[in-house]
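These figures come from a predicted structure and were not determined experimentally. Below, chains carry the letters A, B, ... as their sequence lines are ordered, and counting in each starts from 1.
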There are 2 protein chains.
Amino acid sequence: MAERLYSLKAEFFKALAHPTRVRILEQLRQGEKCVCEFIEDLELEQPNISQHLAVLRKEDIVVSRKEGLKVLYRVKHPEIFQVLDLVGGILTQEIATTMAELQGLQGKVESKGS
Amino acid sequence: MAERLYSLKAEFFKALAHPTRVRILEQLRQGEKCVCEFIEDLELEQPNISQHLAVLRKEDIVVSRKEGLKVLYRVKHPEIFQVLDLVGGILTQEIATTMAELQGLQGKVESKGS
DNA sequence: TCCTTATATGCGAATTTCTGCATATATTAG
DNA sequence: CTAATATATGCAGAAATTCGCATATAAGGA
């Protein structure tokens, strides 16, 4: 069952595996955006952003549409936001328990009155 | 809001961005497994599998537990399976539309009777 | 203690990815 | 047609990943 989907899934994750591309997707939660807006919001060089958009496009994560001089991008599958949310939840949980552990350590050190 | 979570999310995705690691996680749907079982099922060298497990461990995606000579692995956050399922769904959908498009082309060619 | 089994880690070469810069393409204005 | 704007692509060097192989560690048995 779906034996060769592994590589496809890995490729998909690879496309998501860069801070800039995650930021681009988070921006797209608000709907269509043109490259010029990414440049402003992300404060990166235009060629750099275009390259990252190309990666997302190649994996069919985003699709583009021309409107005059501008090119508007949007996510192709809204489920991607659920993926981002799930991972965000896992990470938040992880951070919370790490902080709790640190607090625990802190308490121990204090009670020992080093 | 959560401005510095981007890099963490990217790191997380990077840990998932390899066919072998995806396969490992799919195996873990069935519960705890020891390294020796991965070796059998994935047909890869032991050091290779250990390296991939180390990547997943570093990102807290899996946790390990010793039992005698063996080390048993399991996923730490079951939500990871929802992530895999969502991506699987997106990809299946993508493949389906691609195939439909190919069929459409096929039809056109045939009707033109090249 | 010594050996065996199970797993982890270190290292080097090949491959891939990233970034910055230069440049190409495309659309609209003049 | 020419210039200007918006975006995409090509390329080179630096950095990160991957795999195979050798080796280290750790637990259990003789």
To the nearest Å, give me how far apart [atom1] ([X]) and [atom2] ([N]) are.
| X | N | atom1 | atom2 | value |
| --- | --- | --- | --- | --- |
| B:Phe13 | D:dT17 | CZ | P | 16 Å |
| B:Glu11 | C:dT17 | CD | C1' | 14 Å |
| B:Leu44 | C:dA6 | CG | C1' | 17 Å |
| A:Arg65 | D:dA6 | CZ | P | 17 Å |
| A:Leu16 | C:dC18 | CG | C1' | 17 Å |
| A:Glu45 | C:dC18 | CD | P | 17 Å |
| B:Lys14 | C:dC18 | NZ | C1' | 10 Å |
| A:Glu37 | D:dT5 | CD | P | 19 Å |

**Item:** Chi angles and distances behind the side-chain hydrogen bond (donor to acceptor under 3.5 Å, both in side chains) call for B:Gln93, B:Thr97
**Value:** CA-CA 6 Å; B:Gln93 203 176 323; B:Thr97 64; over 6 Å; no

So that I can tick it off, tell me whether [Y] and [X] are bridged by a salt bridge, with the cut-off set at under 4.0 angstrom between side-chain N and carboxylate O.
| X | Y | value |
| --- | --- | --- |
| B:Lys14 | B:Glu11 | yes |
| B:Asp85 | B:Arg29 | yes |
| B:Asp41 | B:Lys33 | yes |
| A:Glu59 | A:Arg57 | no |

**Prompt:** What residues, two or more places apart in sequence or in another chain, satisfy ring-ring contact (aromatic ring centres under 6.0 Å, His included) together with A:His52?
**Reply:**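 ring-ring contact (aromatic ring centres under 6.0 Å, His included) list for A:His52, sorted by chain: A:His18.
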
**Prompt:** What residue among B:Leu53, B:Leu16, B:Ile49, B:Val55 forms side-chain contact (heavy atoms from CB on, under 4.5 Å) with B:Arg21?
**Reply:**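 Of the listed residues B:Leu53, B:Leu16, B:Ile49, B:Val55, the side-chain contact (heavy atoms from CB on, under 4.5 Å) partner of B:Arg21 is B:Val55.
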
**From A:Ile80, A:Leu56, A:Ile24, residue fulfilling side-chain contact (heavy atoms from CB on, under 4.5 Å) relative to A:Val75** =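 With A:Val75 as partner, side-chain contact (heavy atoms from CB on, under 4.5 Å) holds for just one option, A:Ile80.
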
N/O to N/O distances under 3.5 Å, protein versus nucleotides 8-12 of chain C:
{"unit_1": "C:dA8", "atom_1": "OP1", "unit_2": "B:Tyr73", "atom_2": "OH", "d": "2.5"}
{"unit_1": "C:dA8", "atom_1": "OP2", "unit_2": "B:Ser50", "atom_2": "OG", "d": "2.8"}
{"unit_1": "C:dA8", "atom_1": "N7", "unit_2": "B:Gln46", "atom_2": "NE2", "d": "2.6"}
{"unit_1": "C:dA8", "atom_1": "N6", "unit_2": "B:Gln46", "atom_2": "OE1", "d": "3.3"}
{"unit_1": "C:dG10", "atom_1": "O6", "unit_2": "B:Gln51", "atom_2": "NE2", "d": "2.8"}

Reckon [X] has a side-chain N or O less than 4.0 Å from the OP1 or OP2 of [N]?
| X | N | value |
| --- | --- | --- |
| B:Arg21 | D:dT17 | no |
| B:His52 | D:dC19 | yes |
| B:Lys70 | C:dT7 | no |

**Minimal non-hydrogen separation, A:Ser64 against A:Tyr73, with atom names** =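 Closest pair (atom of A:Ser64, atom of A:Tyr73, distance): CB-CE2, 3.6 Å.
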
**Message:** Does the protein touch nucleotides 25-30 of chain D at the base, only the backbone, or not at all? Give it as B, S and - per nucleotide, heavy atoms under 4.0 Å.
**Reply:** -SBS--

